[in-house]
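Have a look at the structure below, then the notes.
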Amino acid sequence: MTGTLIPGPLTTGPLATLGTPAFDRIGAVEPGVRAVAYLNVTATMPYFSTHFPRYPVLPGVLLVESAVALARLAAGSDTARLRRAQRLRFRRFVVPGDQVEFMVSAHGGEPELPEDTQWEMQARVDGEIVASIGVLVLAASLVRTPAP
């Protein structure tokens, strides 16, 4: 499989606006098929001061938001938003020092309508699955233009 290497963090879209940790590296992108990205979890992330101070754990909702952002990248849609997520599984905590490998892959949907494609996600640390989403569906975001 071939992919496009995009160096540097992804700092646009929901990752920047919602405070989700930016990816440290995008490993591969096969438009409409799959994408891989990496996140280094550091102890200096602001979430750890409250979640939880004595045992810092990356909030699961940030894993989900990162999966959505990566699916948007693979779908080639900057405006898509989360429509549905099913069969979420959190298998172990993600803690400072972990490097999370996110992988989203398409299954089903119409190639000409990437927002309607169903995606699945796996997040791994050291080859071990730490979280997964069996069904992740994006919805086209409505863009309203002002009346003339």
Side-chain angles (χ1 to χ4, degrees), residues 1-42 44-48 51 57-148:
M1 290 186 207
T2 62
T4 304
L5 181 63
I6 304 171
L10 179 64
T11 57
T12 60
L15 293 176
T17 59
L18 295 180
T20 304
F23 296 117
D24 292 298
R25 184 169 57 96
I26 306 296
V29 176
E30 294 179 50
V33 178
R34 73 178 194 101
V36 178
Y38 300 90
L39 171 67
N40 295 319
V41 181
T42 64
T44 59
M45 291 178 162
Y47 324 103
F48 296 137
H51 198 269
V57 175
L58 190 68
V61 71
L62 295 181
L63 294 172
V64 173
E65 183 60 34
S66 294
V68 170
L70 191 58
R72 286 176 57 193
L73 180 66
S77 175
D78 292 336
T79 59
R81 56 184 169 69
L82 178 63
R83 173 181 284 168
R84 181 176 74 238
Q86 295 176 298
R87 298 194 326 254
L88 283 77
R89 303 286 186 266
F90 298 96
R91 299 181 179 173
R92 88 158 175 81
F93 293 124
V94 176
V95 298
D98 286 345
Q99 181 184 59
V100 185
E101 175 189 44
F102 291 92
M103 181 153 94
V104 296
S105 56
H107 63 93
E110 298 291 327
E112 40 301 322
L113 299 171
E115 294 88 3
D116 292 334
T117 302
Q118 290 186 9
W119 300 87
E120 60 185 3
M121 182 279 293
Q122 287 188 344
R124 296 176 182 266
V125 172
D126 295 329
E128 175 188 354
I129 297 174
V130 295
S132 62
I133 302 174
V135 177
L136 180 70
V137 180
L138 302 178
S141 189
L142 296 176
V143 178
R144 299 181 190 261
T145 56

Original post:
Any side-chain heavy atom of V95 sitting closer than 4.5 Å to one from F48?
Top reply: no
CZ of R34 to CG of L73, rounded to nearest 0.5 Å, is 12.0 Å
query: Is there a side-chain contact between R91 and R89, using heavy atoms and a 4.5 Å cut-off?
result: yes
Take L136 and L82 through the side chain to side chain contact (heavy atoms under 4.5 Å, CB included) test and state the conclusion after the steps.
CA-CA 8 Å; L136 180 70; L82 178 63; 3.3 Å; yes
Closest heavy-atom pair, L70 versus A37, reported as atoms and distance to 0.1 Å, is CD1-CB, 3.8 Å
Heavy atoms of V135 and V137 approach each other most closely as CG1-CG2, 3.8 Å
*Do V68 and L138 come within less than 4.5 Å of each other through their side chains, counting heavy atoms only?*
yes
Heavy-atom nearest pair, V104 first then A67, reads CG1-O, 3.8 Å
Here the pair of heavy atoms bringing M45 nearest to N40 is CE-O, 3.5 Å
Separation between OG (S132) and CE (M121), nearest 0.5 Å, reads 6.5 Å
Rounded to the nearest 0.5 Å, the CD1 atom of I133 sits from the CG atom of L63 at a distance of 8.5 Å
Discussion item. Quick check: do Y47 and L58 have side-chain heavy atoms less than 4.5 Å from each other?
Written reply: yes
Check your understanding: Under a 4.0 Å N-O cut-off, is there an ion pair linking D98 with R124?
Key -> no
Rounded to the nearest 0.5 Å, the CD atom of Q99 sits from the CG atom of D126 at a distance of 8.5 Å
Looking only at heavy atoms, the pair that brings E101 and Y38 closest together is OE2-OH, 3.2 Å
Closest heavy-atom pair, F90 versus A131, reported as atoms and distance to 0.1 Å, is CD2-CB, 3.9 Å
CD (Q118) and CZ (R84) are apart, to the nearest 0.5 Å, by 5.5 Å
